[in-house]
Amino acid sequence: MARRTANKSLQAKLVLLGDMGTGKTSLVLRFVKGQFSEYQESTIGAAFFTQVLSLNEATVKFDIWDTAGQERYHSLAPMYYRGAAAAIVVYDITSMDSFVRAKKWVREVQRQANSSLTMFLVANKADLEGDRKVSNEEGEEYARESGLSFLETSAKTAQNVNELFYEIAKRLVKANPSRQSGIKLHTRATESRRRYFCCA
Amino acid sequence: MEAAMRDHPLWTTASEEDIDCALEGLEKYVMIKLFSRTFSATPEDAKIDNEISEKISLLQTFLKPEHLDIPPILQNEASLLLAEKELLKINAFKAPHEKLLSILNCCRVINNVLLNVAMSEHVPAGADDFLPVLIYVTIKASPLVIDLFLLVCHFQANPSKLHSNLKFIKLFRRQEKLISEAEYYFTNLVSATSFIVDLNAKSLSMDENKFEESMQAAKLMNKVTNESSSTCQMSQQQNNECSFSEKMPHKPNATGVFEVLEHGSNYPYMEAKSKGLTVGDVEMLLSDYKDLVNKYTILCKAISCLSTSEREPLLRQIEKQSAATLISHHPGGIF
């Protein structure tokens, strides 16, 4: 869930879904490593990343969760997208299979995740025009039908990579206006009013 | 609790950091005190733990990195061993924070392995590699000790109580601390565990028949292990040496085995001479013989399931060991 931590600052969990080899991780690395500001901390792990994006209206701190794309781990995906504020479903334009699996993820996430989730369908490896198997129209058409946003990207040339994350950040800010919202109070915190004394 | 603390006059001047520290200390104190009542408190939890533990101990005997499609470059046993050790520490702690730290440290080691490979190979690592390696580490996080003398594999407790540990952390770690990176790695271990629970022949890159055979063989080996370890415990109890077996119930020590042979507690005819036998012994001898043949067949079957690379050093050791036994039983007989 997207949470406001302080005034005009938003923390958001973003999940990456997509078949193995579609370049999910490369996409994030291109984004995280491309943000050069010294004062904005970021985490670059192997599968978990954080990045702060400053927009005019607010600051968005992304927690980016990578997921394993292999078919055999498919059933585990709900554990990862549970509570996510945004999801990026990635396919590779040179592989029809990856597009078919992307559709499967889209259907699943729409069925199971929270309704306010911002989802993007991303066609990666747009630089490999020569090997293209999934046309731009096909992807766009499917995204329109399913009510998603669509972008063609290339982690290699950085085409549309920053645009993708900025667009998500903007929508999250729009969806979470500056009044306090989405903060989950600690349920156990209010249980007891007893005071504790330290006896000497 | 947090609100009560903030309201209290004692804490009005405390900084955010102090309060956080105090809350950490409080969580640790309370949960250590309540550990026996909150950790694995229901019989169902214990049952699930045992089932997972048993499945892992079966998988341990034959699972290889390639069955999970872990690329050879990541099959760095030394580093993965470090990750396994970190994960095993989970049972050394009682506080939820410390248990969670064991998981995080394990994941960080894997993370570093992946990042190092990514640097040297110029291919990005990612969850596509992270999760399989974590699953492998979780399964292997307990050295499979092959007791060469007994010809049998013994299983040390794998990260036993995996289910209870995860449930405990989920329930009792402060929720505002189980976020971001900690939550990510925690979720990964939860999903790795769920993968192991549901694991079947189709989950691995392995021939389905081969999988069933290996599972079957592992079950047989487990059975034999339990039998032989109980034998050893018996002999140890006779010698008032049961303290060791209590600590490691599945790992009989080598001296215990020697004692079995030397004192002949289970094989009373080892020292017998043919002249000393009577017709009345035939029944005992026959049942001993049948028992022996049964055990031998089971072991042969188990050994035949090992790959050649595993079998060779094992057989060489057995030869050495049996020579040693001959010497110890017939001192001077060889010279």
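As a basis for the values below, the full set of heavy atoms in this structure was taken, side chains included, without hydrogen atoms, waters or symmetry mates. Computed from a predicted structure; not experimentally measured. Letters A, B, ... are given to chains in the order of the sequence lines, protein chains preceding strands, and every chain is numbered from 1.
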Is there a side-chain contact (heavy atoms from CB on, under 4.5 Å) between K13(A) and S180(B) once you walk through the steps?
CA-CA 8 Å; K13(A) 171 174 161 186; S180(B) 197; over 6 Å; no

F48(A) side chain reached by C107(B) side chain, heavy atoms, under 4.5 Å
no

If we count only N and O atoms by modelled type, under 3.5 Å, do the side chains of S191(B) and Y80(A) hold a donor and an acceptor together?
yes

Checking I135(B) against chain A: side chain, backbone, both or neither under 4.5 Å from a heavy atom?
side chain

Check: N188(B) and M79(A) side chains under 4.5 Å, non-hydrogen atoms:
no

Check the pair Q70(A) / D69(B) against side-chain contact (heavy atoms from CB on, under 4.5 Å), numbers first and verdict last.
CA-CA 10 Å; Q70(A) 295 92 321; D69(B) 295 327; 5.6 Å; no

With a 6.0 Å cut-off (strictly less than), is the heavy-atom count around NZ of K33(B), excluding the residue itself, greater than 12?
no

Should L131(B) and L76(A) be marked as a side-chain contact (heavy atoms from CB on, under 4.5 Å) after you check the CA-CA gap, both sets of side-chain angles, and the distance that decides it?
CA-CA 11 Å; L131(B) 184 63; L76(A) 305 173; 3.9 Å; yes

How far does OG1 of T50(A) sit from CD of E181(B), to the nearest 0.5 angstrom?
8.0 Å

Please determine whether the number of non-hydrogen atoms from other residues, nucleotides or ligands lying under 6.0 Å from atom CG of N56(A) exceeds 12.
no

With a 3.5 Å cut-off and no angle check, do the side chains of R82(A) and T187(B) form a donor-acceptor pair?
no

Measure the shortest side-chain to side-chain distance between Y184(B) and I64(A) over non-hydrogen atoms and say whether it is less than 4.5 angstrom.
no

Any donor-acceptor pair under 3.5 Å from N111(B) side chain to G45(A) backbone:
no

What is the distance from atom CG of D66(A) to atom CG of D129(B), rounded to the nearest 0.5 Å?
9.5 Å

About how many Å separate OH of Y73(A) and CG of D128(B), when rounded to the nearest 0.5 Å?
9.5 Å

Are more than 12 heavy atoms, taken from residues, nucleotides or ligands other than K55(B), located less than 6.0 Å from that residue's NZ atom?
yes

Is it the case that atom CD in E145(A) sees more than 12 heavy atoms from other parts of the structure closer than 6.0 Å?
yes

Based on non-hydrogen pairs under 4.5 Å, which of L16(A), I44(A), T25(A) is most in contact with chain B?
T25(A)

